Every structure is written in structure tokens, then in C-alpha cells.
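This report refers to the structure that appears directly beneath it.
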Amino acid sequence: MFIDARGYGCPEPVLMTKKGLARNPEGLDVLVDNNTAKENIKRFAGNQGYSVNVEKQNNDFLLKITK
Amino acid sequence: MKNKTLVAIAGAVVGITALVLVKFGNPANMGLCIACFLRDTAGGLKLHGAAPVQYIRPEIIGLVLGSFFVALSGREFIPKAGSSPATRFVLGFIVMIGALMFLGCPLRMMLRIAGGDMNAIVGLVGFVAGILVGIFFLNHGFTLGRAYRVNKGEGYVFPIIQVVMLILLVGLPGLLLFSETGPGSMHAPIALALVAGLVVGGIAQKSRFCTAGGIRDAFLLKDFTLFVGFIVVLLVVAIGNLALGSFNFGFEGQPVAHTDGLWNFLGMALVGIASIFLGGCPLRQLILSGEGNIDSVITVLGMICGAAFAHNFAMASSPEGPTVNGQIAVVIGFIVVVAIGFLNIQRSAGKGDA
């Protein structure tokens with residue numbers, strides 16, 4: 001599953017991730033365009049017991065969230 | 001917990017700065033207040049005619065520029081725009097109507113609590129209630145939509161306007177209005193206020209300090225990172241006030257405050273809902289405006305416009321209490337905010353691009 005959360009303000013990228021993980025508990029990929037969203041999602045997913053791998057893509061960050 | 005530490009430091013800096021600014025001339029429990037200061041700035045620019053609250057506040061200039069410089073150096077200056085700007089303007093306007101009913105933004109609410117003003121506890125209960133209503137809408141798919149990257153130049157506009165404000169204040173004061181009595185006449189020296197704004201603006205940008213976000217994340221995500229900042233501000237300012245002898249516990253006779261509990265509650269509840277819809281409290285909107293977030297620039301302009309209307313149409317409270325016009329405006333504010341809530345629920349929220 002892939003979520004494009006670019007351009008959304010706080011706290012929507014985290015909420016989109018939260019809802020996404022509820023549907024896909026195995027993990028998913030989230031694309032964000034700013035540090036705040038990146039850090040917030042990393043923290044949220046980390047608190048839920050997921051590991052997050054960050055890939056820089058031009059101006060954006062692809063967050064690979066896995067169990 | 002690197003992030004939490006940074007937020008805690010930001011809270012301490014905000015608290016100490018607020019104490020210092022009061023010590024050097026700002027009104028009591030008003031070391032920093034985004035709503036009050038935008039209102040004073042609107043008055044200084046002759047956008048409203050309330051003589052006691054007219055002064056271009058250097059703190060506002062500093063907050064925006066501090067955020068701007070730190071965002072630039074941290075590669076976080078990313079101009080973007082287009083997330084429901086007209087709706088955000090209206091929400092900014094409504095935030096100001098609610099804040100001027102209560103007499104303070106959420107930050108001043110915290111400073112008032114830490115000064116012993118129990119009316120602000122009533123305001124806090126309202127603020128939390130408003131945030132919970134906002135979270136209800138968020139959980140049902142509320143979104144103001146995506147923002148898109150714009151040219152760098154667009155992001156420079158608002159910081160440059162702040163420089164123009166500073167030039168006006170220092171170089172051409174004859175063009176402006178300055179309160180001779182009342183809160184607007186009480187202020188720390190320009191240089192100190194400016195530096196205070198720069199420091200707080202910088203650390204708030206770095207830490208994402210936000211009064212509404214702290215409570216929101218605690219309820220919504222069980223994430224207490226930003227909430228730490230909230231607690232630290234309260235502690236630092238309360239201890240500071242006790243040490244300085246300026247802690248004054250009770251409801252009556254509080255500085256720049258009134259005792260009408262119902263309207264203190266409703267005013268801050270309105271600020272709470274609107275702040276959640278906007279994604280951050282008034283301080284956070286100012287910080288984002290310095291980072292190139294044009295939607296937040298529009299929000300700040302909405303707040304300034306709301307402040308001007310509030311005083312031109314007798315909607316702002318005074319220490320004597322709320323006005324009938326203000327009460328009507330707050331009720332209309334609730335209707336508009338709830339309508340905005342329902343109009344912006346997107347069923348597919350979370351599925352990616354619309």
C-alpha cells in the first residue's frame with residue numbers, strides 16, 4: 001500500500017498513516033515532503049512497534065514502514 | 001528522546017522570555033500573546049480605532065523573522081500554498097474573535113494560568129473541549145487539502161513585510177498610532193522585544209512548539225512530545241511569578257482579564273476547534289508563515305483582519321466583561337466553524353491523491 005501525503009498539513013500525514021496501518025497492519029509506504037511530517041510519522045510508527053526506513057527522493061522523503 | 005528535549009527547551013525559552021518581557025514593560029501575564037500583539041499591530045497601523053491597543057509589536061516581527069532565518073539555515077524554508085486559503089482566512093478571523101472574547105491566545109492562556117488567573121483555567125477547559133471537537137472532525141476525514149510548492153519569492157513576501165514594519169516602527173513612527181494608556185502603551189524596549197521574538201521564533205521553528213498541537217497529539221496519537229512544551233511553560237512561568245512576587249491567585253482583579261466563565265469557556269473553545277482545523281495555534285501559524293507556508297500567511301492576515309473587526313464593531317471583551325456584539329460573533333463563529341467542518345470532510349481521506 002502506498003500513501004501520498006505530500007502537501008498535507010499537520011497532523012494529516014500521521015493520521016493518514018494511522019488509518020493506512022489500521023487497514024494494512026503489515027506495513028506501507030508513505031511519501032511526504034517535509035521534515036515535520038517525516039519526524040512525526042517516524043515517531044508514531046516507532047511507538048506502534050514498526051521500523052521506518054527513510055529514502056530521500058529529490059525534495060521528498062519516502063518512508064518505508066515495516067513490522 | 002531528542003525531540004522531546006528540544007520541545008522542553010523551547011517551552012523553557014518561551015516561559016523565560018515571557019517573564020523577561022513583562023519585567024521590562026509588557027502588560028502583566030502578557031509577555032507573549034499572539035492574538036493581543038496582532039491586535040495591537042492592527043491598531044498601530046490604524047486598522048482599528050481602539051486607542052488603548054495600538055502599537056506595532058516588535059515581538060511579532062521577530063517571531064516571523066526568527067522562524068524565517070532558522071528555517072532557511074535548516075533547509076526547511078519550503079514555500080507552498082493552496083490548501084483552502086479562503087477557508088483559512090475565515091478560520092484565522094474566527095480564532096481572533098474567540099481569543100478577544102477570552103482576552104488572549106492559547107499561549108497567553110497558559111501565561112495567565114501560571115500567573116494565578118483562574119479564569120484562564122476555565123478558558124483551558126474550553127480550549128480542550130474545542131480541540132476534542134476538532135479531533136472528532138479529523139477522525140471523520142476533515143482536511144483542508146493539499147498545498148503545492150510555489151516560487152521562493154512567494155515565501156519571501158511575508159518576512160519582507162516584517163522588515164517593512166520594523167522600518168516603519170523605528171524610522172517613521174509619525175505615520176503610526178501609539179497607545180498613550182492601556183495595554184498598548186505598556187511594552188518592553190523595541191530592541192529587547194525584537195530579540196525576544198527572534199529567539200522564540202527560531203526555537204519554535206526548530207522544535208515545532210504548538211499549544212494546540214500538544215493537547216491534540218496527546219489525545220489523538222497518545223504522543224506527548226509537544227505536550228511537554230505546554231507543561232514546561234506552565235512550570236517555568238509559575239515558578240518565575242512566585243519568585244518575582246507577581247503570582248496572584250484567584251478570579252477577581254486579574255490583569256487584562258474578565259470573570260465571565262461561560263464566555264471565557266466559549267471563546268477558547270472556538271479558538272480550540274479553529275486551531276485544530278488550521279493545524280496549529282496562532283503562534284504556530286506565525287512560525288509557519290516564516291517558513292514559507294503561504295496558507296499560514298493568509299491565516300495570520302485573517303487574524304489581523306478579525307482583530308480590526310473585533311474592535312471596530314465592539315466585539316472584543318474588556319476587563320469589564322464581554323460585549324453583546326462579541327457574544328453574537330462567537331455564536332456565529334461556532335456555526336461557521338461547524339459548517340466548515342462538515343463541508344471539508346473527505347470520505348477518501350487517507351487513500352492518497354484525490
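A note on names: the letters A, B, ... follow the listed sequences, proteins ahead of strands, and every chain is numbered from 1. These figures come from a predicted structure and were not determined experimentally. No hydrogens, no waters, no symmetry mates; every other heavy atom, side chains included, goes into these values.
In summary, B:R208 and B:E76 engage in a salt bridge, as defined by a charged side-chain N under 4.0 Å from a carboxylate O. Salt bridge B:K80/A:D33: present, at least one basic N to carboxylate O contact under 4.0 Å.
By a heavy-atom distance cut of under 4.5 Å, not one residue of residues 63-72 of chain B is near chain A. Along residues 279-289 of chain B, the residues that come nearer than 4.5 angstrom to chain A, judged on non-hydrogen atoms, are B:G279, B:R284 in order of number.
For a residue to count as touching a neighbouring chain, one of its non-hydrogen atoms must lie under 4.5 Å from one of that chain's; by this rule A:V14 touches chain B with the side chain only. With a threshold of 4.5 angstrom between heavy atoms, B:L278 does not approach chain A through any atom at all. For A:N40, no part lies under 4.5 angstrom from a heavy atom of chain B. Using a 4.5 Å cut-off between heavy atoms, B:N293 does not touch chain A at all. Both the backbone and the side chain of B:L138 come within contact range of chain A, judged by heavy atoms closer than 4.5 Å.
Figure legend: A:K67 and A:Y50 shown as a cation-pi pair, the cationic atom lying under 6.0 angstrom from the six-membered ring centre and within 45 degrees of its axis. Within the cation-pi definition used here (under 6.0 Å to the ring centroid, within 45° of the axis), A:K56 qualifies as a partner of A:F61.
Between B:F137 and B:F342, a ring centre-to-centre spacing shorter than 6.0 Å is recorded. For B:F77 and B:Y156, the ring centers sit closer than 6.0 Å to each other.
Taking both residues in full, the closest heavy atoms of B:A12 and B:V232 are given as N-CG1, 3.4 Å, listed atom of the first, atom of the second, then distance. Considering all non-hydrogen atoms of both residues, A:G20 and A:L28 come closest at C-CD2, 3.3 Å. Nearest heavy-atom pair, B:F142 versus B:I340, reported as atom, atom and distance to 0.1 Å: CE1-O, 3.7 Å.
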Practice task
Start with the C-alpha distance between A:D4 and B:R146, add both sets of side-chain angles, then the distance that settles side chain to side chain contact (heavy atoms under 4.5 Å, CB included), and finish with yes or no.
Solution key: CA-CA 10 Å; A:D4 181 359; B:R146 206 181 279 272; 3.5 Å; yes
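Between chain A and the options B:L220, B:I276, B:D217, the largest number of non-hydrogen pairs under 4.5 Å is found for B:L220. In terms of non-hydrogen atom pairs under 4.5 Å with chain A, the most contact-rich of B:G145, B:G213, B:G74 is B:G145.
By the 30° and 60° cut-offs, the orientation of the rings of B:F136 relative to B:H140 is tilted.
The neighbour count for B:F219 CZ, taken as heavy atoms of other residues, nucleotides or ligands under 6.0 Å away, does not exceed 12.
B:N344 contributes no side-chain N or O that, together with a main-chain N or O of B:L144, makes up a donor-acceptor pair within less than 3.5 Å.
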